[in-house]
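The structure appears below as structure tokens.
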There are 2 protein chains.
Amino acid sequence: MPIKADLDAIDWKILRELQDDGRMTNVELSRRVGISAPPCLRRVKRLEDEGIIQRYRALLNAPALGMDVVAFCLVGLNRQSEVDLKAFADRTRNWPIVRSAWMVSGESDFMLHCLAPDLGTFQTFVIEELTSSPNVDTVRTALTIRQVKDEGLVGI
Amino acid sequence: MPIKADLDAIDWKILRELQDDGRMTNVELSRRVGISAPPCLRRVKRLEDEGIIQRYRALLNAPALGMDVVAFCLVGLNRQSEVDLKAFADRTRNWPIVRSAWMVSGESDFMLHCLAPDLGTFQTFVIEELTSSPNVDTVRTALTIRQVKDEGLVGI
DNA sequence: AGGTCTTGCGCAAGAATCTTGCGCATCCTT
DNA sequence: AAGGATGCGCAAGATTCTTGCGCAAGACCT
């Protein structure tokens, strides 16, 4: 597991550029960060090898793909033993509507980021799957109206 | 703005592959989806041009970059007029700790996805910036313990 | 100081990939 | 059955990737 990486200014520029356009050619990237292509590629490889860059992902347009409902669910369990937490975490992985999930501390135990084609599908999921799932105590949902900010990890 | 796209099986395969590895070469992608490189590239270009693929992003390792705290904030406002909502949305864009934000309906008005180097920084942000921001009524936070699922938009 | 070691850049060349035009097959329409 | 539209694969030139190598700048030790 990585010690806090020591990155110089060029590394940070690379991370910023690849967050902004993960498919940029290495030639273009090298031009933007001010070094030639070979050392630039070596830096990118190093960042990948050290796990600082975890992966590259295409971000898709949900409504264009027929996914009109984005929502968050805050789930509270009755029991929070390690076994219970793991059991629920495993269950989230088998629900396609749940796209991302976090174990959290606070008033709830899990935060679910959900995506559904329509409101009916989402409500059916919440009522028939989530609420009626073993050990689930409370479910609070927040339907998103629109996303107002979407940045990568590293600041502007 | 796009009508629901009509995509065939190969297009869906392309979307799945590029979600999984957005930097895959077109040759490798074409091999995986079962067509030759030129038509594959034309399909990808079309998906990009129609806005179905919005962008490509490198996903970074937050702890390795010194960001140890991931949290969600549910923010409720006193007044929810269009002007008030827009004012708060604008403010989220100027807070570097807030990486993504959604306007939501339900018990709260905004969901914030936050990232901070340590707990102190995050608490200072919540108390001195967020809670004391004009028109902010309630703030509920959920610190994440760990992420248990992380998928792209399109199902497995 | 001087020598050595390490680090990281840029050049260059072969391999791989991208990109475009083009011909052809298939399917749908008339 | 003819015509048109769609979308594939081939081929070739342009671009990019990738590797080895030489060199310069700084660190470190004696």
Side-chain angles (χ1 to χ4, degrees), chain A residues 1-61 63-67 152-155, chain B residues 1-61 63-67 152-155:
Chain A
M1 274 300 161
I3 307 130
K4 311 277 180 192
D6 62 323
L7 307 175
D8 63 15
I10 295 180
D11 290 322
W12 283 103
K13 272 193 200 174
I14 288 174
L15 294 178
R16 257 188 291 273
E17 293 293 342
L18 288 181
Q19 275 194 128
D20 195 52
D21 178 6
R23 253 197 143 189
M24 189 183 300
T25 68
N26 183 60
V27 169
E28 171 67 11
L29 179 62
S30 67
R31 209 184 51 70
R32 292 198 187 198
V33 304
I35 59 178
S36 67
C40 186
L41 185 65
R42 284 189 283 258
R43 280 170 180 263
V44 172
K45 283 265 161 62
R46 181 206 140 204
L47 292 168
E48 291 170 359
D49 290 344
E50 294 187 353
I52 293 166
I53 296 176
Q54 294 185 312
R55 60 191 304 193
Y56 300 90
R57 177 176 283 175
L59 303 186
L60 308 183
N61 182 339
L65 294 170
M67 293 299 197
L153 223 58
V154 173
Chain B
M1 276 304 157
I3 307 130
K4 309 279 179 192
D6 62 322
L7 307 175
D8 64 14
I10 295 179
D11 289 322
W12 283 104
K13 273 193 200 173
I14 289 174
L15 294 178
R16 256 188 292 273
E17 293 293 342
L18 288 181
Q19 274 194 131
D20 196 52
D21 178 6
R23 227 177 145 81
M24 188 184 299
T25 68
N26 182 61
V27 169
E28 171 65 13
L29 179 62
S30 68
R31 209 184 51 69
R32 293 198 185 197
V33 304
I35 58 178
S36 66
C40 185
L41 186 64
R42 282 189 285 259
R43 280 169 180 265
V44 172
K45 284 264 161 62
R46 181 206 140 204
L47 292 168
E48 290 169 0
D49 290 343
E50 294 186 354
I52 293 165
I53 296 176
Q54 293 186 313
R55 59 191 305 193
Y56 300 90
R57 178 175 284 174
L59 303 187
L60 308 183
N61 182 339
L65 294 170
M67 293 299 195
L153 224 56
V154 173

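Reminder, nothing fancy here: chain letters follow the sequence lines and each chain counts from 1.
- B/Lys45 has a side-chain polar atom (N or O) that falls below the 4.0 Å cut-off from OP1 or OP2 of C/dT19.
- Of the residues listed (B/Asp21, B/Asp20, B/Asn61), the one engaging A/Arg55 in a side-chain hydrogen bond (donor to acceptor under 3.5 Å, both in side chains) is B/Asp20, and it is the only one.
- Listed candidates were D/dC17, C/dG10, C/dT20. Nearest to the side chain of A/Pro39 is C/dG10.
- Residue B/Thr25 is classed as a sugar-phosphate contact, given heavy-atom separations below 4.0 Å to backbone atoms only.
- Rounded to whole Å, the distance from CZ on A/Arg23 to P on D/dT15 is 19 Å.
- In this structure, CZ of A/Arg42 is placed 18 Å from P of D/dT16, rounded to the nearest angstrom.
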Next on the checklist: Go through it in stages, so that I can follow the logic: the residues are A/Glu50 and A/Arg46, the test is salt bridge (Lys or Arg N to Asp or Glu O under 4.0 Å), and I'd like the CA-CA distance, side-chain angles, deciding distance and then a yes or no.
Outcome noted: CA-CA 6 Å; A/Glu50 294 187 353; A/Arg46 181 206 140 204; 3.2 Å; yes
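- Here the C1' atom of nucleotide C/dT17 and the CG atom of A/Asn26 are 13 Å apart, to the nearest Å.
- OP1 or OP2 of D/dC8 lies within a sub-4.0 Å distance of a side-chain N or O belonging to B/Arg43.
- Atom NZ of B/Lys45 sits about 8.5 Å away from atom CG of B/Asn26, to the nearest 0.5 Å.
- Taking atom CG on B/Asp8 and atom C1' on D/dT6, their separation rounds to 12 Å, with Å as the unit.
- The CD atom of A/Gln19 lies 4.0 Å from the CG atom of B/Leu60; values are rounded to the nearest 0.5 Å.
- Distances were taken from every side-chain heavy atom of A/Leu41 (C-beta onward) to each of D/dC10, C/dG10, D/dT18; the shortest belongs to D/dT18.
- Protein atom CD1 of B/Ile35 is 13 Å distant from nucleotide atom C1' of D/dT6, rounded to whole Å.
- Counting to the nearest Å, the P atom of D/dT18 and the CG atom of A/Asp49 are 12 Å from each other.
- Rounded to an integer number of Å, the gap from A/Met24 CE to C/dT17 P is 21 Å.
- Taking every heavy atom of both residues into account, A/Tyr56 and A/Gly22 meet most closely at CD2-O, 3.7 Å.
- Separating the CD atom of A/Glu28 from the P atom of D/dC17 is a distance of 10 Å, rounded to the nearest angstrom.
- Out of C/dT17, D/dC10, C/dC11, the shortest distance to the side chain of B/Val27 is found at C/dT17.
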